[in-house]
Amino acid sequence: MNMLFVWIYSRLMTERSFFILILVNCWRRFLALTYLPGHSNGQGCDAFSDRFVYKMPWIVEVCFSVLSEGGNKVMTQSNSSADVIVIGGGVVGCAVFRRFCLMGARAVLLEKGGDILSGASKANSALLHTGFDAPPDSLELACMQAGYREYLAIHQKMNLPLLETGAIVIAWNDEQFAALAGIVKVAHQNGVMDVRQIDSQEIYQREPHLSPGAMGGVIVPGESVIDPWSTPLAYLVQGVKHGGRYHFNCGVRHAGFNDGQWTLETEKGTFNARLVINCAGNHGDHVDAMWREPEFEIRPRKGQFLVYDKPAAEKITAIILPVPTAITKGVLLSKTIFGNLILGPTAEEQTDRDKAEVDEEKLKELMEKGCRLLPSLADYSVTATYAGLRPATEKKEYRILDYPEKQWITAGGIRSTGLTSALGIAAHIESLYRQNFAPLFALDPQGNFSGPPCLCCPNTSQGITPARATVGLSATANWLPAGR
Ligand SMILES: Cc1cc2nc3c(=O)[nH]c(=O)nc-3n(C[C@H](O)[C@H](O)[C@H](O)COP(=O)(O)OP(=O)(O)OC[C@H]3O[C@@H](n4cnc5c(N)ncnc54)[C@H](O)[C@@H]3O)c2cc1C
């Protein structure tokens, strides 16, 4: 029925309106799929829909008035050759595309799905991490902190929201309590100097609605919440404004390298470029396998979430984190940028790389866990559920690999922290290119970073909660090393 609706309208409407319709339709379908009857009185879902879904048409209108320039031109071109092709329109691909566009490259982004965020990036916890618990001296830590710093530097100019809640890691038993000092030590080693241990009295002063029994905690003032959708969209829009082009429904099926030029075969024909950057998330190893034995294997790890009605968000101030284990960071409670409260994620290995389904049993477990942390959660409706797939690999580290002789770079295994680190990954990839590759095309030495920002950048949370709200543990991020 949906498709028939879209088809009829596509005949009647302009091409731009057609895309708007598809996006709105997909969005409504997403909500319909994730709505959890039986756990809601319907009120919360209606409130969520009224305030967000039905705002979408004008939001999408704004996006596409900007994007149509980049998209439509590509469609009328005969897929001419580019300097750089970015494969994958997740948050990492969008950030890399933006960066190369700002550096003056002729960049094209190819996305297999019907829109950006067709993979891991469409469903995450939406936290902007400080890196307090990242492996010390790791590439992941460096990219996270560079990404965090750049997001703080550009978010106001790009009309992107930031909810500075801070986080508290809470110990509920002796073993977890014993781990707190180590968490502070690692945080300080990672340069996150405002992290400190607190006692149970301070926990309950800050979070009076938590269950009794918290033994102590660690406060992380810089952890924040952002909008997981507007952010990558803004990166794409800014890239398009700087001359970049994109194609959706354009999965890369084959890659061949000849005479210093890549030829990529896709559903929409052939594309050529001097440099290819593989940002294909859960299919990153498959894309590398088009021309070499991949150096890593993607092992998707699913995370399921519950979204509670907005009044539930008043029951916490900060992001409530558990003491992590060797396998998972564990289940958290957090406000969202749209004013709801989320509970999750789970951590479940699976082989399917595309299906992120919720299941009742796990959701019930999550709910019970949530009520053990915050008993009053039982009084609130669950308005939606969702799941995302982390592009994990056999190693607990990012797999950013460069092959200068083949003019190819892979950003693989960007598992649990890619929303934060995307801008940092893009900067890292730019420096790999500048340092290790013979120049393949002209780049601006400084980049056009102070050039036109994304003035009418879409911000899906605008008008829903304040674009910037400071609560409790406001951080200045003075601890971050100075960067560009
Ligand atoms: C449950 C969960 C919670 C998380 N919480 C956080 C958090 O709080 N903070 C944080 O910073 N990060 C978080 N993350 C991590 C973050 O979401 C990921 O690291 C990030 O989304 C990975 O982005 P990506 O661009 O590498 O991959 P993806 O988003 O998967 O993008 C890859 C894209 O490539 C496309 N593609 C694949 N194959 C092809 C092909 N052959 N041709 C063209 N296109 C192709 C796909 O369709 C997809 O759109 C979380 C992740 C999950 C799942």
Side-chain angles (χ1 to χ4, degrees), residues 85-97 108-131 134 140 143-144 147-148 151 167 223-226 228-229 231-232 235-236 246-255 264-268 271 276-290 298 300-305 319 321 328-329 331-332 334 336 342 344-348 350 353-354 356 358 386-393 398-400 410-426:
I85 286 179
V86 177
I87 302 177
V91 65
V92 175
C94 290
V96 169
F97 170 77
V108 172
L109 181 142
L110 304 179
E111 166 54 48
K112 184 170 68 170
D115 203 335
I116 56 165
L117 316 185
S118 293
S121 308
K122 75 177 156 204
N124 55 40
S125 314
L127 305 188
L128 187 70
H129 295 298
T130 55
E140 182 173 5
C143 291
M144 279 165 78
Y148 185 107
Y151 185 86
E223 295 283 296
S224 301
V225 176
I226 61 175
W229 301 308
T231 301
Y235 300 160
L236 182 81
Y246 64 89
H247 267 301
F248 298 153
N249 296 311
C250 195
V252 176
R253 294 168 168 169
H254 182 265
L264 304 185
E265 283 167 27
T266 77
E267 289 142 21
K268 282 194 173 167
F271 292 81
V276 173
I277 305 174
N278 168 9
C279 304
N282 279 306
H283 293 271
D285 52 349
H286 288 169
V287 170
D288 272 11
M290 290 177 190
I298 291 289
R301 192 173 315 128
K302 183 164 75 176
Q304 303 189 40
F305 292 89
I319 301 157
L321 300 171
T328 168
K329 280 173 182 276
V331 170
L332 59 86
S334 172
T336 72
I342 53 166
T346 57
E348 305 159 59
Q350 67 171 49
R353 291 158 180 253
D354 297 304
V358 291
Y386 65 94
L389 290 184
R390 305 168 182 91
T393 69
Y398 284 2
R399 314 301 285 276
I400 303 180
T410 296
I414 314 300
R415 44 196 192 112
S416 316
T417 49
L419 177 64
T420 305
S421 61
L423 294 169
I425 292 171

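For ligands, and for the atoms within them, numbers begin at 1 and follow the listed sequence.
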Would Thr346 and Val331 satisfy side-chain contact (heavy atoms from CB on, under 4.5 Å), going step by step from the backbone distance to the final call? CA-CA 6 Å; Thr346 57; Val331 170; 5.5 Å; no
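- Near Leu110, meaning under 4.0 Å from one of its heavy atoms, ligand 1 places the atoms 43 (C), 44 (N).
- Of all the atoms in ligand 1, the ones that sit under 4.0 Å from a non-hydrogen atom of Gly251 are 42 (N), 43 (C).
- Here Ala126 has backbone heavy atoms under 4.0 Å from ligand 1, and that is the only part of it that gets that close.
- A donor-acceptor pair under 3.5 Å is formed between the side chain of Thr420 and the backbone N or O of Leu127.
- Ligand 1 has an N or O atom lying under 3.5 Å from an N or O atom of Val92, backbone or side chain.
- Atom numbering of ligand 1 starts at 1 in the shown order; those under 4.0 Å from a heavy atom of Leu419 are 10 (C), 11 (O), 12 (N), 16 (C).
- In Ser416, the part holding a heavy atom less than 4.0 Å from any atom of ligand 1 is the backbone.
- Salt bridge status for Asp288 with Arg399: absent, with no side-chain N to carboxylate O gap under 4.0 Å.
- Of the possible polar contacts, one joining the Tyr386 side chain to the Asn124 backbone as a donor-acceptor pair under 3.5 Å is found.
- Contacts between Ile87 and ligand 1 below 4.0 angstrom, taking non-hydrogen atoms only, involve the side chain exclusively.
- Every atom of ligand 1 is numbered from 1 in the order shown, and the set under 4.0 Å from a heavy atom of Gly303 is 1 (C).
- Atoms of ligand 1 lying under 4.0 Å from at least one heavy atom of Gly281, given by number and element, are 27 (O), 30 (O), 32 (C).
- Asp285 places a side-chain N or O within 3.5 Å of a backbone atom of Ile298 that can act as its donor or acceptor partner.
- The minimum heavy-atom distance between Glu223 and Gly131, with the atom names listed, is OE2-N, 4.1 Å.
- Between Glu140 and Arg415, at least one side-chain N (NZ, or NE/NH1/NH2) sits under 4.0 Å from a carboxylate O, which counts as a salt bridge.
- Counting heavy atoms under 4.0 Å from ligand 1, residue Arg390 touches it through both backbone and side chain.
- A distance-only check finds no donor-acceptor pair linking the side chain of Lys122 to the backbone of Trp229 [under 3.5 Å].
- Between the side chain of Ser121 and the backbone N or O of Leu117 there is no donor-acceptor pair closer than 3.5 Å.
- Side chains of Thr417 and Tyr398: a donor on one and an acceptor on the other come within 3.5 Å.
- Close N/O approach between His129 and ligand 1 is found [any backbone or side-chain N/O within under 3.5 Å].
- When each atom of ligand 1 is checked for a heavy atom of Cys279 under 4.0 Å away, the hits are 32 (C), 33 (C), 34 (O).
- Under the 3.5 Å distance criterion, the side-chain polar atoms of Asn282 are matched with a main-chain donor or acceptor of Leu389.
- Which parts of ligand 1 touch Ser118 is read off a 4.0 Å heavy-atom cut-off, strictly below it: atoms 47 (O), 49 (O).
- Between Leu389 and ligand 1, no pair of N/O atoms sits closer than 3.5 Å.
- Ligand 1 lies within reach of Ala123, whose nearest heavy atom is under 4.0 Å from it.
- Backbone and side-chain nitrogen or oxygen atoms of Lys112 are examined, and one is located within less than 3.5 angstrom of a nitrogen or oxygen of ligand 1.
- At a heavy-atom cutoff of 4.0 Å, ligand 1 is contacted by the backbone of Arg415 but not by its side chain.
- Considering backbone and side-chain N/O of His283, none are found under 3.5 Å from N/O of ligand 1.
- Ligand 1 places these atoms under 4.0 Å from at least one heavy atom of Ile414: 18 (C), 19 (O), 22 (C), 26 (O).
- For ligand 1, the polar-atom distance check against Leu127 finds a nitrogen or oxygen pair separated by under 3.5 Å.
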